[in-house]
Visitor: 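First the structure, then my questions, so here it is.
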Protein chains: 2
Amino acid sequence: MTAPQRTWAGTTLTDRRATRRRQLIEAGLELLGSHGTSAVSVRAVCRTAKLTERYFYESFDDRDALLLAVYDQVAQQAHEALVAAVANAPDDVTELVRAAVTSFVELIIDDPRKGRVLLLAPLTDPALIRRGSELLPSFTTLIHDQLPASIDGTDRRLSAVGVTGALTNLFTGYLNGTLDVPRERLVEHCVQLLLDAARA
Amino acid sequence: MTAPQRTWAGTTLTDRRATRRRQLIEAGLELLGSHGTSAVSVRAVCRTAKLTERYFYESFDDRDALLLAVYDQVAQQAHEALVAAVANAPDDVTELVRAAVTSFVELIIDDPRKGRVLLLAPLTDPALIRRGSELLPSFTTLIHDQLPASIDGTDRRLSAVGVTGALTNLFTGYLNGTLDVPRERLVEHCVQLLLDAARA
DNA sequence: TAGGATTGACAACGACCGTAGTCAAGGCGA
DNA sequence: TCGCCTTGACTACGGTCGTTGTCAATCCTA
């Protein structure tokens, strides 16, 4: 029994709701990525998005739902960037890995807020912890799957978790400025890391 | 012009203040290690420590000062455990590294709250970010220093940050139960990680 | 025992939180 | 033009926050 979608100011109701939802998510990204979880309050999000609280609850059940939406959106973008890079890469394994790493690094350089959402937020925010332990290993898995696999299950897991952590810390350091290193150098180091992990 | 330290209930004023300070730090450890930064409010700390807010400000300038004190205490303990392990270890390099890793793993098994304070809190809490980027690399450095060093500065730094991240993620996963692996297996993997890093 | 040191309980300030509700002003299609 | 849909501004509730202050009870030493 959906209403006949009568138009309004040239757009339908669903369109306008979707736009507002996007604005809220963008505001959430800004706050989460720039000032951390504690900065993401319903009021702050609405202030940033220039929308009323009423519209918040139009699109999200509660604060946590927004957090998840922000994270999922960024994770989705990262996933797409990786898949695209891997798909377009030449056959050479090293080049493949380099393409994947580069695409990821570019994503988090282009918008460090996204990097922080992806890498840092899920480490401590209760609402995101489960999500975080799904995505980042899948980053490693995505690449591992492209490579000859001859390692036993547990070691594979240990290795994946380790490599993931190494990459996380390297990227995080790069984001913070803690790790002052040219981008190519960072990329190259990560590539070697992944190749070594796959060989071992 | 210190007062003559007249005694009270068998203890001096300085003693009682120190005791209260310890209680507050212990409460902070409990809250920070078990429920994260956001759980560490002045009121909650005082409730947990069974002390009045007045005594909080007797020992700490503000909330952040307590956070730092908690972190520094745990970091100090970790440092001491590492130094002790390294000092008592045999000459064999592998055994040395194994001793260091074991001592650290035991610390965070014995009291997972400390592990979380050490590994997670400094990643996101504004007050601790600087502290965190000092200590954990020093963990790696402590071991690196025991080993033949033949790598150039930047690579050394990249390697240290990477290894630190790998260890962090492995320990964190172990703490969370996300990484379901026997302790010896974890230790052994970390040992190999460190040895490989030193060789490369 | 008198008197000051020390303690605990608690109130107060202004601010922000999540969430829900009200109400008037305006825009739009019929 | 009429009447409904949509919008923004606003208020309200009960709660927690950091921080400072008050005040009566208690304890010890001199």
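Just so you know, these numbers use all the heavy atoms, side chains as well, and skip hydrogens, waters and symmetry mates. Chain identifiers are assigned alphabetically (A, B, ...) following the order of the sequence lines, protein sequences preceding nucleic acid strands; residue numbering begins at 1 within each chain.
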Visitor: With sequence neighbours left out, which residue pairs that include part of residues 158-173 of chain A fulfil the salt bridge (Lys or Arg N to Asp or Glu O under 4.0 Å) condition?
Guide: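 The answer is none; no pair qualifies.
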Visitor: When the side chains of residues 85-93 of chain B are checked against the rest of the protein, which donor-acceptor pairs come out under 3.5 Å, sequence neighbours left out?
Guide:
unit_1, atom_1, unit_2, atom_2, d
Asn88(B), ND2, Ala84(B), O, 3.4
Asp92(B), OD2, Glu95(B), N, 3.3

Visitor: How long is the line joining CD of Glu58(B) and P of dT6(C), in whole Å?
Guide: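 Distance check: Glu58(B) CD to dT6(C) P gives 10 Å.
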Visitor: Check whether any side-chain nitrogen or oxygen of Arg54(A) sits under 4.0 Å from OP1 or OP2 of dT6(D), and answer yes or no.
Guide: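 Looking at the OP1 and OP2 atoms of dT6(D), neither is under 4.0 Å from any side-chain N or O of Arg54(A).
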Visitor: State which residues pass ring pair (Phe, Tyr, Trp, His ring centres under 6.0 Å) with Phe60(B); sequence neighbours excluded, sorted by chain then number.
Guide: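 Testing Phe60(B) for ring pair (Phe, Tyr, Trp, His ring centres under 6.0 Å), a comparison that skips the adjacent residues, returns Phe56(B).
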Visitor: Identify, with sequence neighbours excluded, every residue that meets ring pair (Phe, Tyr, Trp, His ring centres under 6.0 Å) alongside Tyr174(B).
Guide: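 Tyr174(B) satisfies ring pair (Phe, Tyr, Trp, His ring centres under 6.0 Å) with no residue once adjacent residues are dropped.
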Visitor: So if I take residues 28-36 of chain A and measure heavy-atom distances to DNA chain C, which residues fall below 4.0 Å?
Guide: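 Heavy-atom contacts with DNA chain C come from no residue of residues 28-36 of chain A; none.
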Visitor: CG of Asp64(A) versus C1' of dC17(C): gap in Å, rounded?
Guide: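 After rounding, the gap between these two atoms is 14 Å.
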Visitor: Just N and O in the side chain of Tyr55(B): are any of them under 4.0 Å from OP1 or OP2 of dG8(C)?
Guide: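 Tyr55(B) to dG8(C) OP1/OP2: side-chain N or O found under 4.0 Å.
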Visitor: Base, backbone or nothing for each nucleotide of nucleotides 13-19 of chain D, written B, S, -, heavy atoms under 4.0 angstrom, 5' to 3'?
Guide: ----BBB
Visitor: For the pair Glu58(B) and Arg21(B), find out whether any cationic side-chain nitrogen is under 4.0 Å from an anionic carboxylate oxygen.
Guide: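 Here Glu58(B) does not pair with Arg21(B) in a salt bridge, since their nearest N and O are not under 4.0 Å apart.
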Visitor: Tell me the salt bridge (Lys or Arg N to Asp or Glu O under 4.0 Å) pairs involving residues 68-83 of chain A, sequence neighbours left out?
Guide: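 For residues 68-83 of chain A, and leaving out neighbouring residues, the salt bridge (Lys or Arg N to Asp or Glu O under 4.0 Å) pairs sorted by first residue read Asp72(A)-Arg131(A).
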Visitor: Once salt bridge (Lys or Arg N to Asp or Glu O under 4.0 Å) is applied, what residue pairs with a partner in residues 22-36 of chain B remain, sequence neighbours excluded?
Guide: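 The answer is Glu26(B)-Arg113(B), Glu30(B)-Arg113(B).
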Visitor: Take the protein atom CZ of Phe60(A) and the nucleotide atom P of dT19(C), then report the distance between them rounded to whole Å.
Guide: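 About 13 Å, once rounded to whole Å.
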Visitor: Name all residues meeting the side-chain contact (heavy atoms from CB on, under 4.5 Å) criterion together with Asp110(A); count only those two or more places apart in sequence or in a different chain, and write none if there are none.
Guide: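 Testing Asp110(A) for side-chain contact (heavy atoms from CB on, under 4.5 Å), a comparison that skips the adjacent residues, returns none.
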Visitor: Rounded to whole Å, how long is the line connecting atom CG of Leu51(B) with atom P of dC10(C)?
Guide: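 That distance rounds to 15 Å.
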